[in-house]
Protein chains: 2
Amino acid sequence: MALRYAVLGLLSKEHLTGYDLTQKFHSHISHFWNAHHTQIYRELQKLEKEGLVSYDLVQQHERPDKKVYTLTDHGLQDLLGWMAEPPKPPSMKNETLLRVSLFHLIPPDQAVQYLEASRQTHVEVLNAMKQWGELHLGSADAPPSYELIGETLTLDFGMRFIQTWIDWCDYAIRMFRSFPE
Amino acid sequence: MALRYAVLGLLSKEHLTGYDLTQKFHSHISHFWNAHHTQIYRELQKLEKEGLVSYDLVQQHERPDKKVYTLTDHGLQDLLGWMAEPPKPPSMKNETLLRVSLFHLIPPDQAVQYLEASRQTHVEVLNAMKQWGELHLGSADAPPSYELIGETLTLDFGMRFIQTWIDWCDYAIRMFRSFPE
DNA sequence: ACATGCATGTAACATGTTACATGATTTA
DNA sequence: TAAATCATGTAACATGTTACATGCATGT
C-alpha cells in the first residue's frame, strides 16, 4: 500500500514520466525505498484508473510518445490523508542478518570473511551517500530550507544507518577473532 | 529467495511444525525477518516437494495431527551453499522515512507530533529487545557460546539500529523546532 | 460467555523480481 | 562495433498481506 505514496509523493513536486520516476527512485530515494520500472508502470496505470493522477501525451522527434504524469487534486488529498496516519513499528528484512544468525553453521574464518566483505560494501555505500548529499543538499552544517528538510533528514538517517552497520561489523569481527580457531 | 533459508535455518537447529516456525519467526527473528503463517505453510509444501525438508505425522490426543518437519541432507547442503554467497548492499524499505521525505507538505507541528510518536514506538521496541536478550542470552557482558554467537550478534545489531532511530528522532525534532512556525 | 491457544489450511489480492521485447540515438 | 540511453511495456513467477474457515481445549 505504500509504493503508490512514493509515486504520488514524487509527483507532488514535479510532473514526471514513468521513466523519470524510475530514475528518481534510483537516485533520490533509494536509501529508504526502491522499485523496478515494471512496478512503476503498473502502478501508474492503476493510479490513473483511480483518478489520483492524470497524464499528458507529449510527442517527441524520432522517439516514441511519452506520458507526463500529474498529481490530481484527489491524488493530493489521498496523499495528505496518508501522511496523517500514525507511525508503525519498524519491520526489518535483511539477508545479511539472516546469514549472521546462522553463523554457528560455518567456521569462524568464513564468518569473518563475510563480515569484512559486508563492511567494505557499506563503506562504499556511505561514500556514495556523502557525495550525493554534497551535490544535492550542499553543506551538511548549514540548515536546509523547509522545501529540502525531508530530503536532508532522510539522507541523514541513511548515513547514520550505514555507519551503524560499519561499527557493528567491526564489533562482530572482533568477537569472532576472540574465538579460538 | 530468502524466506526458504529462514525456514531451513530454523529447521537446522530443531524439528518444528509450521505452527512452531510461525512462533519462532515472531519471537526469535523478528528483528531481521518476519513472515505470516500462511507464507510459512506454503513454503513448507514447496520445500517438501523439492526434497529439502521431510516431515513426520504426529498424532495428538483430541487435537488434529501435526507435521513435524526435519531438514534433509539435501536441504542442509542447499543452506550451506547459500551461506557462502557474497553479501549484497542493504536495501531499505521504510514507511516512516517515506513520510519524512514528504514533510514539506505538512505543517511543522504535525511533523514533530509524528516524530515524537515514532520515537515512542522505537523506545518500546528497544525495551522489549533488551528484555528478550536478558531472558534468552543472559548477560550482555559475558561472551556467548559459539552456538549462540549468531543470535547474540543479530540482537546486538537490532538494538543498535533502534538506538540509531531514537537518536535520529531527537535530532529531527530539534531541527523542526528550530524553524519558525 | 468470550477470548486465547493449538494447528492447519484456502482464496484473493498486492507487491516485487527477472526475463524478454522494440527501435532509434548517442557515447566509448 | 558494441554499449548505453530514452521510453514503453508484457509475461511469468515469487513473495507478502488480509480475510475467512475449522474445531477442540483452556483460561478470565
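This is a predicted model, so every value here is computed, not measured. Residue numbers start from 1 in every chain, and the chains themselves are labelled A, B, ... in the order their sequence lines are given, proteins ahead of strands.
Distance CG (A:L3) to P (D:dT17): 14 Å, rounded to an integer number of Å. The nearest whole Å value for the distance from the OH atom in A:Y55 to the P atom in D:dA7 is 17 Å. For the pair A:R4 CZ and C:dT15 C1', the computed distance is 12 Å after rounding to whole Å. What separates CG of B:L21 from C1' of C:dG9 is a distance of 15 Å, to the nearest Å. As a whole-Å value, the separation of B:D65 CG from D:dC24 C1' is 14 Å. Per the geometry, OH belonging to B:Y19 stands 5 Å off C1' belonging to C:dC6, to the nearest Å. A straight line from CG of B:L16 to C1' of C:dC6 spans 15 Å, rounded to a whole angstrom. The interatomic distance linking B:K66 (NZ) with D:dT22 (C1') rounds to 19 Å, in whole Å.
Remark: B:K93 is not in phosphate contact with C:dT15, judged by side-chain N or O atoms under 4.0 Å from OP1 or OP2.
Between its two ends, the helix from C:dA1-D:dT28 to C:dA28-D:dT1 turns its axis by 50°, counting five pairs per end and rounding to 10 degrees.
For residues 24-51 of chain A, proximity to DNA chain C is found at A:H36, A:T38, A:Q39, A:R42, A:E43, A:K46, defined as any non-hydrogen atom under 4.0 angstrom from a strand atom.
Between A:K67 and A:E48 there is no salt bridge, since none of the side-chain N atoms of the basic residue sits less than 4.0 Å from a carboxylate O of the acidic one.
Classification of the A:W165-A:H122 ring pair by plane angle, with boundaries at 30° and 60°, yields parallel. By the 30° and 60° cut-offs, the orientation of the rings of A:H28 relative to A:W132 is perpendicular.
Taking the six-membered ring for Trp and the full ring otherwise, A:F157 and A:F32 have centroids separated by 6.0 Å or more. Side-chain rings of A:Y146 and B:F103 stay apart, their centers remaining 6.0 Å or farther from each other.
Atom NZ of B:K13 has more than 12 heavy atoms from other residues, nucleotides or ligands within 6.0 Å.
A distance of 8.5 Å separates CZ in B:R119 from CG in B:D167, rounded to the nearest 0.5 Å.
Judged by distance alone, the side chain of B:R99 and the main-chain N or O of A:W82 form a donor-acceptor pair under 3.5 Å. Of the possible donor and acceptor atoms, one in the side chain of B:T154 sits under 3.5 Å from a partner among the backbone N and O of B:G150.
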